[in-house]
Every structure is written in structure tokens, then in C-alpha cells.
Number of protein chains: 2
Amino acid sequence: MKTIPDSSIDAHAACYNIAAVERDTGLSKDTLRVWERRYGFPKPRRDQHDERLYSLPDLEKLRLLRLLIDYGHRPGKIINCSTAELAQLISSRAPIKSPPPEIASIIDLLLQHDVENFRNALLQALMKQGLLRFVTETVAGLNHWIGEAWLSGRIAVFDEHLYSEHIQNILRNAIIAQPGRGSGPRVLLTSLPGEKHRIGLLMVEAVLIAEGAACVALGTETPIIDIKNAVPAYRVDVVALSFSSAITQTAALAGLAELRTLLPETVEVWGGGGALVRARKAAPGVLLLRSFDDLRYALERWRVEHVAH
Amino acid sequence: MKTIPDSSIDAHAACYNIAAVERDTGLSKDTLRVWERRYGFPKPRRDQHDERLYSLPDLEKLRLLRLLIDYGHRPGKIINCSTAELAQLISSRAPIKSPPPEIASIIDLLLQHDVENFRNALLQALMKQGLLRFVTETVAGLNHWIGEAWLSGRIAVFDEHLYSEHIQNILRNAIIAQPGRGSGPRVLLTSLPGEKHRIGLLMVEAVLIAEGAACVALGTETPIIDIKNAVPAYRVDVVALSFSSAITQTAALAGLAELRTLLPETVEVWGGGGALVRARKAAPGVLLLRSFDDLRYALERWRVEHVAH
DNA sequence: TCCTTATTTTGTCCAAGACATATGAAAACG
DNA sequence: CGTTTTCATATGTCTTGGACAAAATAAGGA
């Protein structure tokens with residue numbers, strides 16, 4: 001059977017088959033082929049068996065396109081812009097501000113590959129701010145500005161990997177250090193298949209635990225049917241799902257709606273994350289959380305409602 | 001654009017379109033269609049536009065098939081068995097021996113969904129044994145026996161997710177609690193694209209740090225080209241890659257050989273993990289680590305060689 | 001300004017064929 | 001007899017071009 005090719009074989013030539021491009025850009029194979037047919041981009045060269053081989057510049061342009069489309073641009077309007085024009089569209093999208101100094105100093109340490117001091121700076125920020133402010137201010141800020149840096153090519157893939165690992169270390173350390181369950185609802189926390197971003201999930205878990213809720217964290221990519229089965233097993237009151245911007249808003253809302261139909265009425269369904277901040281309305285019985293404040297309000301509301309009974 | 005249908009319309013009929021089945025079973029749309037063409041299963045009914053609508057029983061049988069195929073069965077041989085026969089095949093995979101009592105008691109807590117006591121049992125084991133023994137005995141044992149339980153169908157998907165999350169919490173907590181760099185080599189630790197298993201990587205990181213080496217952990221799935229670029233940036237002495245049994249031995253050895261050609265002679269390449277325990281020999285200049293003891297010997301050897309200079 | 005209704009855009013699904021690679025069995029070797 | 005090599009089969013992924021529904025936009029009307 002054909003598998004994702006060993007990218008090492010052509011690492012220097014930077015050739016990607018359609019499966020690798022799907023994985024790296026999040027654009028489906030069908031979409032890639034239909035864009036080629038309709039718009040003439042991307043137009044990859046072929047190997048000896050007429051299979052598509054995408055170049056690294058194509059891949060970069062596709063990533064920019066994906067980003068702009070997520071932001072609201074239409075594919076047909078921008079697909080024939082040059083990579084430079086797309087990059088300019090992105091940078092012109094938001095007024096170019098620089099990150100606040102406390103964020104900038106941490107990012108500088110990452111860019112200088114100073115692992116030790118990077119780790120220490122994160123730990124110090126956590127100690128100084130406490131878990132709640134650390135998550136909602138420092139980590140959220142770092143995510144945003146590191147995303148910006150990645151878009152403009154100022155940060156390497158391996159730097160981002162290192163960042164993700166260290167944030168996970170810190171957040172999980174804080175999570176396990178917290179005392180046992182609190183007074184709040186039992187919240188099952190996970191993401192649906194295809195959603196691989198772990199940091200958002202850990203941030204939510206940290207906030208929930210800091211607020212005294214009991215969290216059952218299943219990590220990323222739990223199939224819907226297994227979420228359904230886990231709800232009675234762990235006797236949870238709320239199922240919370242996280243959707244990063246890597247997933248389309250439509251897919252996120254559809255997943256939430258499907259889950260809603262599978263769970264008993266007594267179990268609440270909450271959804272949040274980058275894919276949903278601009279969503280208008282969700283299926284009935286699904287609560288959208290567009291910020292960490294929304295999350296805290298939702299917790300408080302749950303407590304009020306369940307004390308009354 | 002077509003999306004996952006609002007299943008609330010047909011919630012009781014439990015109909016899934018091909019995208020939902022792909023998401024929940026991990027079988028690609030192409031695979032589902034070609035199975036239907038070749039083997040006659042699954043044979044979903046169609047909606048008014050001739051699009052496939054899979055039933056819940058089909059979905060359940062597909063998940064059993066996926067499980068058995070992962071374990072080594074061939075699709076063509078088992079695809080026309082009934083769901084009951086498949087379930088029996090799975091349960092007949094019972095382990096020959098039972099786990100030692102200290103492992104069994106922890107697994108029992110997981111099977112009873114007792115999150116609090118499960119967490120506490122892990123923490124207690126860590127305290128009692130120290131990081132090194134905890135990793136090489138308890139965590140290694142848990143991985144093995146939970147794998148067995150998964151194969152025989154005695155453990156749910158969500159239980160395994162919860163296990164993975166908690167082990168990560170504990171290991172990362174231990175990792176960050178360690179004092180800064182030690183005397184040993186700087187080791188870059190990661191896995192190649194396609195290798196998603198994080199726990200093995202974290203176990204290695206814990207052992208390295210306990211032994212006083214400085215670890216640059218990049219998490220899973222770092223493209224080879226990015227590993228190459230990270231080596232000078234972080235000035236590492238050793239690149240260590242982890243390969244779980246989910247990857248074939250051939251693929252693991254090929255990846256190591258490829259990396260070896262891309263790195264300068266002065267940087268060592270180490271490989272380990274389930275895929276390589278039975279490997280005979282690797283490419284020249286690649287060190288195979290078949291056990292945690294091998295890892296510790298390799299560290300000691302490096303230190304001896306680099307003190308002499 | 002808001003709601004309803006056309007029109008265009010855009011992503012997903014389909015079919016059937018082709019083919020490379022994983023797997024397992026048979027053959028040749030040490 | 002154990003080990004590697006060779007071959008055949010099984011199996012998953014890629015191909016093309018057509019079709020069409022849902023989303024997004026534009027146009028019309030209260």
C-alpha cells in the first residue's frame with residue numbers, strides 16, 4: 001500500500017505528495033485537485049507515474065491561502081496573488097503592533113535558542129502571575145505572537161516544537177500540583193478527530209482546575225462515539241470541546257451539533273477555541289465560549305443553576 | 001460546500017456520511033469505497049443523491065475491523081466475518097500471563113474510572129520508586145499491560161486517552177522539577193513524521209534528565225529537514241529518535257540512515273523504541289538502543305570519550 | 001435596516017481504473 | 001535447520017472528470 005512518502009528521500013529537493021500537503025496545510029486532497037482544475041493553482045509537477053509533486057514554495061503559498069480563507073477571504077479572489085502579495089495581505093490585516101515587552105522578552109529567548117533561560121522565564125511568569133493570569137495573559141499572548149512570527153517566517157519549525165513542549169511541561173506541572181476535585185461541575189475535556197492542538201486544551205484545563213472544577217481530560221482527537229461512552233463512565237456534567245483555527249467553523253459547529261444529539265439532555269455541551277470566536281450561533285443546547293471569561297461565566301452559571309435544585 | 005449533515009434530523013436512524021465514518025474509524029474515504037467495491041462490505045444505503053449513508057452497526061463493525069487489522073489480521077480474511085465473530089476474535093486475544101499486582105492494582109483503578117485514586121496511585125508509585133525506577137518499571141509495565149488489555153478489548157478508547165494524559169502530566173511534572181542541565185551530552189529528542197507516540201519520548205526524556213544529560217525535546221513528528229536545522233541552532237551532541245511498534249522496523253532504520261547522512265560526523269545518532277528492539281544492525285554511525293540500560297550505557301560511553309579529549 | 005430570494009462560488013462525493021508497496025509464501029542459500 | 005532472496009498476491013492511495021448541495025454573495029422588496 002502506498003503511504004506518506006519518506007520525506008527524507010527528497011528532503012533537499014523539497015517535494016511533497018498530495019497526502020503530505022493535505023497533512024501540512026489542512027486542505028483536503030479533493031480541494032487541492034479541484035483548485036488545480038479550476039484556478040490553475042497549485043500546478044505541481046508530476047513524478048514518473050503522473051502523481052503530483054508539490055514544491056516547498058507551493059506549500060508555503062497554500063498555507064497563506066488557508067489562513068486568509070479562514071479569515072474570510074474567498075479562494076477565487078486571492079488564489080492567483082503572489083506569495084508576497086498574500087503575505088502583505090496578512091500583515092496588513094492587523095495593524096502591525098509589537099508584542100508587549102514581557103511577551104517579547106520571552107519570545108526573544110526562544111529565537112535565541114536559549115533553552116534554559118526560556119524555561120526559567122516561563123516559570124518565573126507563572127510564579128509571579130499565578131496560574132489563571134499566566135494562562136489567560138502570558139500563554140495566550142505567546143500563542144498569538146508566536147503565530148504571527150511563524151506567519152512572517154521569523155520562527156523555525158523546531159522552535160515552535162520546542163515552545164509547545166515547554167508550555168505543555170509548565171501547564172501540566174501546574175495542573176497536577178492543584179489539589180483534588182473542587183465544588184464545580186465535572187467537565188470532560190477533549191477535541192474531535194482531526195483537531196491536534198493540545199495547548200488550547202491544556203489552557204482550558206488549567207483554568208477549570210484553578211476555578212475549582214473537576215476535569216476529566218482525554219487529550220486530543222477522541223471519536224464522538226467514545227465521548228458518548230465516556231460520559232456515563234465518568235459521570236460528567238459537562239462536555240467541553242476545543243477547536244483551534246486549524247479547523248473550519250462549519251466543521252466545528254457540525255461536530256458540536258452531532259455530539260448534542262448523542263448525549264442526554266442533562267449533560268451540557270460547551271465549545272470554544274479559535275475556530276468559534278467569530279461564530280454567531282450554535283445548535284440548540286450547545287454553549288459557545290468565545291473567551292476565557294465566557295468559560296468562567298459558564299461555570300458560575302452552572303453552579304447557580306445546580307445549587308437551586 | 002457540503003458538510004457533515006445535521007444528524008439531529010436522523011438521530012434515531014443513526015446515519016453517518018462517509019466523512020463522519022472516516023473521522024470516527026480512521027479509515028480513509030478511498031479505503032471505504034474500495035472495500036465496498038472489492039469485498040462488498042460495508043454496503044451502505046444511499047440518500048436521494050446516491051451518497052453513502054452508513055448505519056451504526058456498520059460503524060461498529062468497521063471499528064472492530066480496524067482494531068484487528070492494527071493487530072496484524074488481513075482485511076480480506078476477516079471482513080466478511082460477523083460482528084460477533086470479530087468480537088470473539090478480539091476477546092480470544094487474552095494475555096497469557098497476568099500483570100504483577102502493583103501494575104494490576106493501578107490498571108484496576110483506571111478500569112473503574114476512579115480518576116482521583118488513579119492519579120494518586122501513580123504519584124505514590126513515583127514517590128516510592130524515584131523517577132528512574134518509576135519510568136523503567138511502572139510506566140513500562142503499564143504501557144505493556146494496557147496495550148494487552150486494549151488488544152483484548154477490555155479497555156475503552158477513552159480509558160486509554162485518560163491514561164495517556166495522566167502519564168504525561170506525571171512525567172512532565174517530574175521533568176520540569178529536575179534541576180537545570182547536568183554534565184552529560186546535549187541530546188535532541190524527537191520522532192519522525194508519522195510517529196505520534198509521545199509517552200515513549202517522555203520516558204526517555206525523564207531517564208536522560210535523571211542521568212544528568214541536557215535534553216532538547218521537540219515532541220513528536222519533526223520533519224527530518226527541521227531536525228537537521230535544529231542541530232546547529234541548539235548545538236546538540238546527540239540526536240535521539242524514538243520509534244514505537246506502530247512503525248515498521250524497516251521504516252525506522254531508513255529514517256535513521258537518512259538522518260545520519262544529513263548530520264555532521266561529530267553529532268551522534270541514536271535510535272530506540274519498540275520498532276527497533278529486534279533490529280540486528282543499523283546503518284554505520286547509528287547507535288541502536290534496545291533498552292533503557294542501553295541508553296544509560298550510551299550516555300556513560302559518551303562521557304568517557306569526551307572527557308579524554 | 002432588515003428579511004427574502006436569486007445567483008455564484010466552492011468544497012465534497014462519485015465511479016472505475018491504475019499502480020506501488022506491504023505482506024506472506026515459496027525458493028534458494030549458508 | 002535457520003536465514004535471506006524472490007515472487008505473487010493483497011491492499012491502500014492516486015488518478016480523471018463530472019455532478020451537485022451548501023455557503024456566501026448579490027439583488028430585490030417590505
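So you know, we letter chains A, B, ... as the sequences are listed, proteins then strands, and number each from 1.
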From CD1 of I69(B) across to C1' of dA10(D) the rounded distance in Å is 12 Å

Contacts of F243(B) meeting ring pair (Phe, Tyr, Trp, His ring centres under 6.0 Å) (sequence neighbours excluded), chain-then-number -> none

Separation of dA10(D) atom P from N80(B) atom CG, nearest Å, is 14 Å

From CG of D47(B) across to P of dA22(D) the rounded distance in Å is 9 Å

Looking only at heavy atoms, the pair that brings R66(A) and T25(A) closest together is NH1-O, 3.3 Å

Ring pair (Phe, Tyr, Trp, His ring centres under 6.0 Å) filter on Y163(B), not counting sequence neighbours, yields none

Here the distance between atom C1' of dT13(D) and atom CG of L32(B), to the nearest Å, is 13 Å

Sequence neighbours excluded, the answer for side chain to side chain donor-acceptor pair (under 3.5 Å) partners of S191(A) is none

dA21(D) phosphate, OP1 or OP2, under 4.0 Å from H49(B) side-chain N/O:
yes

Rounded to whole Å, the CG-P distance (N17(A) to dT21(C)) equals 11 Å

From CD of E51(B) across to C1' of dA22(D) the rounded distance in Å is 11 Å

Applying side chain to side chain contact (heavy atoms under 4.5 Å, CB included) to A240(A) and not counting sequence neighbours gives V187(A), L189(A), W270(A)

Query raised in the report: If only side-chain N and O atoms of S28(B) are considered, is one of them under 4.0 Å from the OP1 or OP2 phosphate oxygen of dG12(D)?
Result: no

Check: Counting just side-chain N and O atoms, does K29(B) come under 4.0 Å of either OP1 or OP2 of dT12(C)?
Finding: no

L253(A) CG to dA22(D) P, in whole Å, measures 16 Å

Hey, is the side chain of Y39(A) poking within less than 4.0 Å of OP1 or OP2 on dT9(C), counting only N and O atoms?
no

Residues passing the side chain to side chain contact (heavy atoms under 4.5 Å, CB included) test with Q88(B), sequence neighbours excluded, are S91(B)

Look at R45(B) together with D58(B) and state whether they make a salt bridge at an N to O cut-off of under 4.0 Å.
no

| Under 4.0 Å: is that the gap between some side-chain N or O of W35(B) and OP1 or OP2 of dG12(D)? | yes

Separation of dT23(C) atom C1' from D70(B) atom CG, nearest Å, is 15 Å

Winner on side-chain proximity to T31(A), out of dT12(C), dT9(C), dC14(D), is dT12(C)

Review item, nucleotides 15-18 of chain C N/O atoms under 3.5 Å of protein N/O:
from	atom 1	to	atom 2	distance (Å)
dA15(C)	OP1	R46(B)	NH1	3.4
dA15(C)	OP1	R46(B)	NH2	3.4
dA15(C)	OP2	R52(B)	NH1	3.3
dA15(C)	OP2	R52(B)	NH2	2.7
dA16(C)	N7	R37(B)	NH2	3.0
dG17(C)	N7	R37(B)	NH1	2.9
dG17(C)	O6	R37(B)	NH2	3.4

